[in-house]
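Position 1 is the first residue of the sequence; numbering continues from there.
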Amino acid sequence: MVSEIRLRAADGTPILLRRLVPTDEPALREAIESFSPQTRYMRFFSGAPHVPEHVIHRLADADGILHVAWVAIDESAPDHQVIGAVHAMRDDPKSPTADFAIGLIDPWHSRGISRLLIALLASEARQVGITRLTADVLYENKPGRALMKSIGAVSGATGGTSIHYNIELEATLSKLDTQKASAPMQSVFKAIDTGAAMPVAA
């Protein structure tokens with residue numbers, strides 16, 4: 001499995017997608033702290049002004065088995081800013097089901113990065129025995145619901161304020177594969193198929 005891939009976003013910004021590692025915790029914290037109140041609420045279901053330290057630590061504590069995670073980095077920024085991360089987390093290494101979470105800083109919403117991260121996460125998660133992800137999305141989170149639809153997630157129970165989704169990874173990868181008209185998604189699937197990291201596209 002590829003461990004990192006360099007490509008360009010639709011606007012030409014050089015982006016690095018790679019596995020998240022525990023030493024990313026400070027950069028991940030900085031990214032989360034930059035969330036607008038609305039984004040923080042949609043991501044964490046809380047209006048608190050700050051995300052608790054233990055939550056950030058758990059998000060950074062990726063071991064590749066219980067917690068598979070990928071991060072997106074803006075390589076044009078002086079500090080190579082973390083712009084987003086995606087996670088699959090489970091308590092039992094034999095469980096085929098993991099909890100799904102994703103978050104991007106506000107300037108990078110609706111710029112195609114989410115699906116790139118999800119494709120890489122799904123590919124790696126399958127290799128460690130995860131076949132299904134589950135996620136709860138606030139009913140008022142229309143972009144989040146649209147993302148779930150775009151990756152083939154199936155909605156189930158509605159808990160009043162949120163909708164529960166099941167994400168079958170085989171179906172998700174198949175659906176994303178049909179959407180790879182963009183150069184970044186083509187690069188991601190080429191990396192997945194060949195297991196080779198890709199250079200920044202010209």
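Taking OG from Ser110 and CG from Leu147, the interatomic distance works out to 9.5 Å, rounded to the nearest 0.5 Å. Rounded to the nearest 0.5 angstrom, Tyr165 OH and Leu133 CG are separated by 14.5 Å. Atom CG of Leu169 and atom CG of Leu121 lie 7.5 Å apart (nearest 0.5 Å). In this structure, CD1 on Ile83 lies 4.0 Å from CD1 on Ile15, to the nearest 0.5 angstrom. Remark: Asp193 CG to Ser123 OG distance equals 8.5 Å, nearest 0.5 Å. Note that the CG atom of Leu116 and the OG atom of Ser182 stand 6.5 Å from one another [nearest 0.5 Å].
Judged by distance alone, the side chain of Asp24 and the main-chain N or O of Leu28 form no donor-acceptor pair under 3.5 Å. Thr172 places a side-chain N or O within donor-acceptor distance of the main-chain N or O of Glu168, the cut-off being under 3.5 Å. Checking side-chain atoms of Ser34 against main-chain N and O of Ala31 turns up a donor-acceptor pair under 3.5 Å. The backbone N or O of Ser36 sits less than 3.5 Å from a side-chain atom of Asp106, completing a donor-acceptor pair. Arg145 places a side-chain N or O within 3.5 Å of a backbone atom of Tyr139 that can act as its donor or acceptor partner. Between the side chain of Ser174 and the main chain of Glu170, no donor-acceptor pair closer than 3.5 Å is present.
In plain terms, the two heavy atoms of Leu117 and Gly84 that are nearest each other are CD1-C, 4.2 Å. Closest non-hydrogen pair, Trp70 versus Glu124, comes out as NE1-OE1, 2.7 Å. When all heavy atoms of His109 and Ile105 are compared, the closest pair comes out as CD2-O, 3.3 Å. The two residues Arg58 and Asp91 come nearest to each other via the heavy atoms NH2-OD1, 4.3 Å. Between Arg8 and Pro184, the closest heavy-atom pair is O-CG, 3.3 Å. Of all heavy-atom pairs spanning Ile130 and Ser95, the tightest one is CG1-O, 4.4 Å.
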Quiz prompt | Evaluation steps, side-chain contact (heavy atoms from CB on, under 4.5 Å), between Leu17 and Leu120 | solution = CA-CA 9 Å; Leu17 306 177; Leu120 290 163; 3.7 Å; yes

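In this structure, the side chains of His87 and Leu20 come closer than 4.5 Å at one or more pairs of heavy atoms. Contact of the Arg90 side chain with the Thr97 side chain is not registered, since no non-hydrogen atoms from C-beta on lie closer than 4.5 Å.
Between Arg19 and Glu4 no salt bridge is recorded (no basic side-chain N to carboxylate O distance below 4.0 Å). A salt bridge is defined here as a Lys NZ or Arg NE, NH1 or NH2 lying under 4.0 Å from an Asp or Glu carboxylate O, and Arg29 with Glu25 meets this definition.
Cluster annotation: Met42 and Val51 are assigned to distinct hydrophobic clusters (Ile/Leu/Val/Met/Phe/Trp/Tyr, side-chain heavy-atom contacts under 4.5 Å, transitive). Cluster membership check: Leu138 does not share its hydrophobic cluster with Ile32, using side-chain heavy-atom separations under 4.5 Å among Ile, Leu, Val, Met, Phe, Trp and Tyr. Under a hydrophobic-cluster definition in which Ile, Leu, Val, Met, Phe, Trp and Tyr are linked whenever side-chain heavy atoms come within less than 4.5 Å, directly or via other members, Tyr41 and Leu59 are assigned to different clusters.
Heavy atoms from other residues, nucleotides or ligands lying under 6.0 Å from NE2 of His80 number more than 12.
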